[in-house]
Structure formats: C-alpha cells, structure tokens
Amino acid sequence: MRREIMLKAIKDNPDKVWDMVVIGGGATGLGTAVESVTRGYETLLLEQADFSKGTSSRSTKLVHGGVRYLAQGDISLVLEALHERGLLRQNAPHLVKDLAFVIPIYEWWDGPFYAVGMKVYDMMAGKLGLGPSVRISKEETLKAIPNIKKKGLRGGVIYYDGQFDDSRLAINLAQTISKNNGTIINYIKATGLTKNELGLVDGLVAYDIENEKEYKIKAKVVINATGVFVDDILKMDDPKAKKTTRPSQGVHVVLDKEFLQSKSAIMIPKTDDGRVLFAVPWHNKVVVGTTDTLVDDASLEPRALEKEIEFILKTAGKYLSRAPRRKDVLSIFAGLRPLAAVEENDQSTKEISRNHKILVSLSGLVTITGGKWTTYRKMGEDAVDKALLVAGLEEKPSITKNMPIHGYVKNFDPDDHLHVYGSDRLAILQLIEENPDLGNKIHENLDFTKAEVVWAIKEEMARKVEDILARRVRALFLDARASIELAEKVAIIMAKELGKDKAWIRNEVKEYTALAEGYILKKPKN
Ligand SMILES: Cc1cc2nc3c(=O)[nH]c(=O)nc-3n(C[C@H](O)[C@H](O)[C@H](O)COP(=O)(O)OP(=O)(O)OC[C@H]3O[C@@H](n4cnc5c(N)ncnc54)[C@H](O)[C@@H]3O)c2cc1C
C-alpha cells in the first residue's frame with residue numbers, strides 16, 4: 001500500500017473510466033470501496049486527509065447494537081447492528097473483542113427494568129450473541145468494578161458488547177481494498193464533479209495536496225461518503241441543494257486506568273439529563289463519554305465545548321469512587337455525527353434515527369450518510385447495490401459477510417500490544433529482528449516501538465507525524481502530552497524513510513504540536 005504507486009494509477013491512465021469512485025476515506029467510504037472492489041468493480045477511493053481522520057477515529061470504540069436505540073424503540077437498527085457486530089467480530093477477531101459492560105443499579109426499580117431490557121438485547125443478537133446478560137448482586141458489582149461509587153448501590157446488570165480500535169480497522173480496510181487491486185489515495189481532495197451533455201455525473205476533479213496537482217478522473221458512478229461533509233459534495237452537484245445533514249458533536253475524555261481499575265466497562269443508560277455515559281477500558285487507559293450537542297459547522301478538527309467537558313467530568317464523578325479532575329485528563333477528543341438535518345430550534349439529537357440513508361441525485365450522484373461504525377459493511381453493501389444500478393454495471397453478489405479483513409488471525413495474545421496488527425505482527429517482529437533498535441519503545445508512558453513507526457510509513461501509507469501518532473499507534477488519543485514529547489523522534493524516523501529534510505522535520509513537529517495542544521485540557525476560559 002504505497003501512495004506513489006496508487007497515485008500512478010490515476011497519473012498514467014487519464015482516460016481510464018473507473019467503475020466506482022468513492023469520495024471519503026472514513027468507515028463509510030472504506031466499507032463501500034471494500035464492497036465494490038470485492039465484487040470485482042474497478043474502484044478508486046479518494047480521501048482529502050488521512051484515512052479515518054474524520055469521525056471514524058473519534059468514536060467510543062464500541063462494536064454494538066446500541067442499547068440506547070433499543071430504549072428508543074429503534075428495533076430494526078438494533079437488529080441490524082447486532083447482526084453486523086457478530087460479523088465484524090468474526091471477520092476481524094484481532095481488532096474486535098468481547099467486553100463486559102456493567103450497568104450499576106442505584107434505584108430498586110431499575111434492576112428488573114434493565115435485566116429484562118438486556119435479555120431482549122441478547123435475544124435480538126440470536127446466534128451471533130456474545131454471552132448472556134445477568135443480574136448481579138451489590139458485592140458482585142463491586143468485584144467487577146472496584147471503583148464504582150458504593151453509596152446507594154443495590155446491584156447491577158452485566159451484558160456483553162464488542163470493542164475495537166476504530167482507526168486501526170480503517171487501515172485494515174484500506175489494506176483489504178489494496179489487496180483486492182483497488183486504488184486508494186490519501187491527501188487528495190475532490191474539488192468538483194464533472195458532467196456529460198445530459199447533466200449526469202461522469203467523474204470528478206481531484207487535487208493532490210502533497211504534490212499540488214489537479215487530476216480529472218472519469219467514473220461510471222461517483223459515491224459521496226464524506227460524513228458530515230456530504231452537503232459540500234451535494235452542492236458541487238447542485239449549488240441550490242438543500243442541507244441534508246447537521247453535525248452532532250460527541251466528546252470523550254481519556255483517563256488513567258486507575259480510575260476504573262477493571263477489565264469491564266461501565267454503562268450508565270440514563271444520566272441526569274437522559275443521556276448515556278460509558279467508561280470503557282481501552283489500550284490500558286479509560287475512555288469516558290460521550291455527549292451529543294448539535295453544532296453548526298462541520299470541521300475535521302472539532303473541539304470540545306466547555307459545557308461538554310463539565311458534563312462528562314461531573315457525571316463520571318457521580319459514579320466513580322475517585323472523581324476525575326481536569327488535570328487527570330490525558331486526552332480529550334471530539335467527533336461529529338452526521339445526523340439528518342432537523343428544524344433549527346430542535347436541539348434534541350437523541351431522538352433522531354441513526355439509520356443510514358442513501359440518496360440518489362438526479363445527476364446520478366450517490367450519497368450515503370448516517371449509520372454507525374458497527375454497520376459500515378452493510379452500509380457499503382447497500383451503497384454499492386444502488387450505485388451499480390446507476391452505473392448500469394452487471395450485478396454481482398456481495399461476498400463481504402464472511403470475508404476476513406486484512407490482518408485476520410484467530411489465535412493471539414491480547415496482552416501483546418502488537419496483537420492489533422493481526423497477521424502483520426510477524427512482519428513487524430521481522431523488522432525488529434533485522435534491526436534490534438527498532439524494538440525500543442519511544443516513550444516510557446506509551447507501549448509502541450520504533451518498528452511500528454517504520455511499518456506505518458512503509459506499509460500503511462502514513463504521510464505525516466499526525467497520521468502515525470493519532471491513527472496508527474493512537475498516542476494522541478491516549479496521552480496527548482506524551483505524544484508531543486515524542487513528535488520529533490517520530491519526525492526524524494519519517495524523514496529518513498521518506499527522504500525529507502530538516503525543514504520538513506521542523507515543520508511537522510510545529511504542526512503536530514499545534515494540533516495536539518487541542519487535545520490537552522487547559523484551564524477554562526472565564
Ligand atoms: C462521538 C461519536 C461516537 C461514536 N461512537 C460509535 C461507536 O462506539 N460505535 C459505532 O459503531 N459508531 C460510533 N459512532 C458513529 C461512527 O463513528 C460514524 O458513523 C462513522 O465513523 C462515520 O463514518 P463516515 O465515513 O461516514 O464519516 P467520516 O469518518 O467523517 O469520514 C468522512 C471522510 O470524508 C473525507 N472527505 C470530506 N470531504 C472530502 C472531499 N472533498 N474529498 C475527499 N475526502 C473528503 C473526510 O476527510 C473524512 O475522512 C460514533 C460517532 C460519534 C460522533
């Protein structure tokens with residue numbers, strides 16, 4: 001998976017007509033391109049930044065049916081997501097693991113209510129269930145989560161869902177596309193659509209940000225999978241197009257594992273204001289979130305609002321015996337969910353369905369929006385089913401339901417931090433064998449080694465320090481301060497591998513530091 005080689009596919013073949021061109025390299029675009037290429041269609045995917053730079057690296061990291069959607073009565077969404085949860089666990093076992101979630105019970109009537117609700121959740125998963133939910137005593141709840149607040153605790157309910165590493169899955173999907181002869185390019189932005197004499201979309205204009213070069217690309221169908229940016233592409237098609245999407249922001253804070261002291265997660269189905277709160281162990285830290293706030297503008301680097309930070313810390317403090325303070329926050333990240341546009345004065349995002357939608361414009365542009373990471377495969381399948389009709393392509397059946405994703409391995413040691421690389425782990429160990437210095441860790445607070453940096457550059461199309469620290473080894477999300485401290489070391493390794501000079505190193509460190517500062521929780525502004 002080398003960028004230069006991928007780029008050559010469009011550089012050397014200006015007249016090539018691709019079967020499907022996908023705009024957007026998040027979960028939705030990658031899932032769509034996997035679907036298209038594995039059905040045998042000639043596929044190109046363009047991403048304006050790095051793969052999963054948008055929402056797809058900022059999720060709660062759950063592969064789940066969505067207990068909250070069950071509470072809202074969105075049965076079809078939960079059924080679909082539970083089914084997809086099972087398939088993803090089957091097809092990418094190195095990245096998706098079962099996780100026990102404890103719902104602590106403080107009011108007596110909540111006990112039977114959640115116990116019955118979770119039995120329904122188990123039943124809906126059918127054969128793809130991860131384990132039966134059970135009601136547990138106060139003592140068992142404290143054993144499962146030693147740091148849960150004791151006062152008023154009556155017991156709990158344990159249920160099972162899946163957990164994953166979102167941006168690592170995105171990279172594995174990119175590798176799956178590449179392995180199946182698809183073409184995927186990062187740092188190339190779709191800047192316009194081209195149309196034939198009938199007004200039908202027949203390709204697009206793309207700008208290669210690295211080489212500052214424009215390309216005209218021909219396609220039988222173009223698929224807009226740009227998350228909260230779908231309206232920008234719809235406007236390229238029709239400047240008068242109505243707004244379809246409004247971003248809803250979710251925020252997470254990352255804390256030291258001491259705050260949870262458990263391998264299980266906590267799920268609070270109903271906080272004071274009716275929202276859901278998770279505290280989930282992840283890569284030896286704890287991710288706590290999330291909120292849901294409608295915001296006006298889509299951004300690739302959304303920032304947490306002060307009221308969201310306050311809500312998470314205050315609410316977590318109500319359930320954890322040690323309340324987290326601002327200075328305990330190792331990283332804070334925000335993500336934007338593309339929700340169907342609603343009335344201006346409607347601030348309730350909880351009630352808007354998370355089902356995905358596919359729009360086909362009069363010009364033939366196919367847009368896919370909404371959904372969840374968990375359902376990315378089904379979204380891709382549905383988008384390709386529509387797109388092939390628009391393109392007039394021969395119908396070929398989907399094979400992704402039972403198709404292993406790149407990296408697939410079944411037996412691994414979950415305590416070996418290289419396990420997220422799946423089958424690539426051996427190749428990384430080989431790099432270390434050839435050059436033992438690569439086996440050294442770069443920062444005492446983080447597990448990853450120099451070998452993973454080299455691997456990310458050579459095999460995972462990492463182009464910038466941010467690509468490595470944010471989305472290949474997750475340092476930005478796990479400990480933003482530590483990640484700044486090691487940015488220069490990473491830049492030096494990258495410069496050697498990519499043939500860059502000292503000015504490049506300086507600039508990368510400066511850019512990365514400015515970005516990572518936004519993940520550090522500062523004193524509130526008055
Ligand atoms: C806070 C939060 C928590 C969540 N937690 C979960 C969870 O635990 N489990 C779960 O299943 N789901 C979760 N979700 C939902 C899930 O993360 C999203 O549904 C999914 O990531 C959306 O993917 P996407 O590809 O549609 O959008 P994105 O990931 O945003 O991808 C769109 C991509 O398009 C690119 N792009 C935009 N314009 C252009 C252009 N002109 N040219 C080229 N590229 C372009 C962007 O750079 C971006 O990378 C969560 C969502 C949020 C907001």
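Read the numbers this way: they start at 1 and go in the same order the structure lists the ligands and their atoms.
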- Query: Is the shortest side-chain N to carboxylate O distance from Glu210 to Arg463 below 4.0 Å?
  - Reply: yes
- salt bridge (Lys or Arg N to Asp or Glu O under 4.0 Å) against Asp467, all qualifying residues, sequence neighbours excluded: Arg471
- Between Glu459 and Arg3, is there a salt bridge with N-O shorter than 4.0 Å? no
- NZ/Lys235: more than 12 non-hydrogen atoms of other groups inside 6.0 Å: yes
- Who are the salt bridge (Lys or Arg N to Asp or Glu O under 4.0 Å) partners of Asp202, not counting sequence neighbours? none
- Item | Pairing residues for Asn402 by the side-chain hydrogen bond (donor to acceptor under 3.5 Å, both in side chains) criterion, not counting sequence neighbours | Gln90
- Report all protein residues having a heavy-atom distance below 4.0 Å to some atom of ligand 1; order the list by chain, then number. Ile23, Gly24, Gly25, Gly26, Ala27, Thr28, Leu46, Glu47, Gln48, Gly54, Thr55, Ser56, Arg58, Ser59, Thr60, Lys61, Leu62, His64, Ile188, Lys189, Ala190, Ala225, Thr226, Gly227, Phe229, Ile233, Gly250, His252, Thr290, Leu300, Gly335, Leu336, Arg337, Gly371, Lys372, Trp373, Thr374
